[in-house]
Amino acid sequence: MVRLTLDLIARNNNHLRNRKDETITQYLKRITHVNFSNKHIDCLDDLSACRNLTVLYLYDNNIREIRSLGFLTSLTHLYLQNNCISCIDSLSGLKRLEKLYLGGNYLTVIEGLEGLEELRELHIESQKIPPGEKLLFDPRTLHSLSKSLSVLNISNNSIDELKELSVLGNISQLVAVDNHLNDIKRLTNSCHFLNGTCHPNILMGNEKDLEFVLRKWPRLWRMDLTGNPICQKPKYRDKVIVISKTLEILDGKEIKEMARQFLLNWKASKDARKKSKEENTADRLVFQQLYGFDHPQAILPTQYQNQKYIEKDKPKYFLMAQMPSDPKPSHLQKTLAKRTIDISEDIRQLAVKDPTSSLPGQDVLEPHLHSQVVL
């Protein structure tokens, strides 16, 4: 067992020369950097005497408990990768901490960081999580980091969605390599909170997980999702580039502005065609609901050779459509039926009244229509 003590720090901190007549306590107050990485350390003494310590390297050791580090209030950089740490709630007192490295430990829940309002980088990749589980995040911790955190590394933690991280509105770099992110569109069964109570039966519906968070991260310029199933989806890269206008590097590859503009123009054209199609479909539905017809075929103008035969009630247009074969017609259909005019009879009468007509009554054929409606 190797214990990190104040005496050990004083004896190994060679870059600071011990001043004449200076006590060890005074000497420890002047220390700003301590490096005890890969020294087989598994236990920490109270280090609060190092009041001005700003950078502490303790990675590649066997440390399990880090409670004593909570008193290092001047600490700005803390390196604890590849230890045996399973709990980090004792770090809430590090008000000035800017960078925290915790990769390769035994964390299952990221919690207890509510006091770290200056934290800019959080590296929690490759936690030793039990099989079948994933790394979880306490919403209170995420909320407290929402304004400060700009760099987040969550690689290799079996994470299958990003939506809960959307509160981190200041994120500029996200590294989520080798997780279980599967699709841009994801069916979520997350519950809503109403009056502080979770209602699991109120589903959030078909949410676009990645699209949702990308729109919540206006400062994101670098993202790496390499090794996730989502990267194998058709046009994955194109879709991400279109969604996020600020991304500059995706999966280690630079995004050219010309390529982005091309994709944006292509999407705008596609959306315009889709909108036009939807409007046409809507018009057809309105037509069907209004007249009760299956298919609007055509509206044909009616012309009379002699204007004097155009009476007030003569039809000016004929709506050419098939009537539905509903044995019980609706009220609207009954009303329209009263206004139905037989085209062939109307043309015969016109031919009789106008001998000069080019359509003699005996030559008029029955139109192949089920019915004609006057407009």
Side-chain angles (χ1 to χ4, degrees), residues 2-16 18 22-107 109-125 127 137-138 140-154 168 170 173:
V2 179
R3 177 183 293 269
L4 181 61
T5 64
L6 293 175
D7 182 64
L8 185 61
I9 292 176
R11 286 189 286 107
N12 286 271
N13 211 40
N14 298 323
H15 70 280
L16 283 179
N18 198 348
E22 183 179 44
T23 64
I24 187 172
T25 301
Q26 294 173 332
Y27 174 67
L28 291 173
K29 288 181 181 180
R30 292 196 296 115
I31 295 178
T32 59
H33 290 64
V34 170
N35 187 348
F36 276 87
S37 59
N38 196 22
K39 300 294 184 181
H40 305 288
I41 294 173
D42 50 18
C43 188
L44 303 176
D45 269 1
D46 181 5
L47 306 179
S48 57
C50 302
R51 296 181 181 180
N52 294 311
L53 185 63
T54 58
V55 180
L56 178 59
Y57 298 94
L58 291 174
Y59 58 86
D60 294 339
N61 284 295
N62 301 313
I63 301 171
R64 296 179 179 274
E65 296 287 341
I66 55 174
R67 295 177 183 176
S68 59
L69 299 181
F71 300 101
L72 300 176
T73 55
S74 297
L75 208 60
T76 61
H77 294 61
L78 179 57
Y79 298 82
L80 291 169
Q81 309 98 298
N82 303 322
N83 280 281
C84 303
I85 302 168
S86 59
C87 180
I88 55 174
D89 55 4
S90 59
L91 300 179
S92 59
L94 304 181
K95 305 296 184 181
R96 299 182 182 180
L97 194 64
E98 299 177 4
K99 296 183 180 183
L100 178 57
Y101 292 80
L102 289 165
N105 280 283
Y106 288 83
L107 301 175
V109 181
I110 304 302
E111 59 184 347
L113 303 181
E114 287 80 347
L116 308 186
E117 298 179 355
E118 300 296 325
L119 192 65
R120 294 187 290 106
E121 295 188 21
L122 178 60
H123 300 262
I124 47 177
E125 72 282 359
Q127 299 301 315
F137 296 85
D138 187 336
R140 295 169 296 181
T141 290
L142 292 176
H143 180 74
S144 67
L145 300 177
S146 61
K147 295 182 179 180
S148 63
L149 196 67
S150 62
V151 178
L152 178 61
N153 187 345
I154 54 174
L168 303 175
N170 198 49
Q173 300 183 59

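Being a predicted model, the structure only gives us computed values, none of them experimental.
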Practice item. Inspect the contact between E98 and R120 and indicate whether a charged nitrogen and a carboxylate oxygen are less than 4.0 angstrom apart. Key: yes

**Study point:** Residue list, ring-ring contact (aromatic ring centres under 6.0 Å, His included) with Y101, at least two apart or on another chain
**Key:** Y79, H123

Point to revise | Heavy-atom donor-acceptor pair, N105 side chain to L80 backbone, under 3.5 Å | key: yes

Exercise for review: Starting at CG of L58, measure out to CD1 of I63 and round the result to the nearest 0.5 Å.
Suggested key: 4.5 Å

Revision key, fill the gap. Shortest non-hydrogen pair, N61 vs K39, comes out as OD1-N, 2.8 Å

Point to revise | CG on L47 to CD1 on I9, rounded to 0.5 Å | key: 4.5 Å

Check your understanding: How about S48 and D46: does a side-chain donor come under 3.5 Å of a side-chain acceptor?
Key -> yes

**Study point:** Atom pair OG1 (T5) and CD1 (I41), whose distance is rounded to the nearest 0.5 Å
**Key:** 9.0 Å

Practice item. Would you check if the side chain of E114 reaches a backbone N or O of S144 as a donor-acceptor pair within less than 3.5 Å? Key: no

Practice item. Please check if the side chain of S68 supplies one atom and the backbone of D45 the other of a donor-acceptor pair under 3.5 Å. Key: yes

Exercise for review: Spell out, as yes or no, whether a donor-acceptor pair under 3.5 Å connects the side chain of N52 to the backbone of K29.
Suggested key: yes

**Study point:** Considering all heavy atoms, the nearest L113-L145 contact
**Key:** O-CD2, 4.2 Å

Point to revise | Q173 side, atom CD; S150 side, atom OG - distance, nearest 0.5 Å | key: 7.0 Å

Point to revise | Residue pair L28 / T25, side-chain heavy-atom distance below 4.5 Å | key: no

Practice item. Apply side chain to side chain contact (heavy atoms under 4.5 Å, CB included) to the pair V2 and F36, showing each step before the final yes or no. Key: CA-CA 11 Å; V2 179; F36 276 87; over 6 Å; no

Check your understanding: Between the side chain of S74 and the main-chain N/O of T54, is any donor-acceptor distance below 3.5 Å?
Key -> no

**Study point:** Non-hydrogen atoms of S148 and N170 that approach each other most closely
**Key:** O-ND2, 3.5 Å

**Study point:** Closest heavy-atom pair and its distance - Y59, N83
**Key:** CA-ND2, 4.0 Å

Practice item. Considering non-hydrogen atoms only, spot the tightest contact between I66 and S90 and give its length. Key: O-OG, 3.4 Å

Check your understanding: Distance-only, no hydrogens or angles: does the E118 side chain make a donor-acceptor pair with backbone N or O of L94 under 3.5 Å?
Key -> no

Check your understanding: Rounded to the nearest 0.5 Å, how far apart are CD1 of I110 and CG of L102?
Key -> 7.0 Å

Practice item. Side-chain contact test, heavy atoms from C-beta onward, threshold under 4.5 Å: evaluate it for I24 versus L6 and give yes or no. Key: no

Check your understanding: Side chain of D89, backbone of G112: donor and acceptor closer than 3.5 Å?
Key -> no

Review point. Should we say atom CD of E117 is surrounded by more than 12 heavy atoms from elsewhere, each under 6.0 Å from it?
Key: no

**Study point:** Passing candidate, side chain to side chain contact (heavy atoms under 4.5 Å, CB included) with L69, options L97, L56, L75, I88
**Key:** L56

**Study point:** Among L72, L119, L100, the one residue meeting side chain to side chain contact (heavy atoms under 4.5 Å, CB included) with L91
**Key:** L100

Check your understanding: What's the spacing between N82 CG and N62 CG if we round to 0.5 Å?
Key -> 10.5 Å

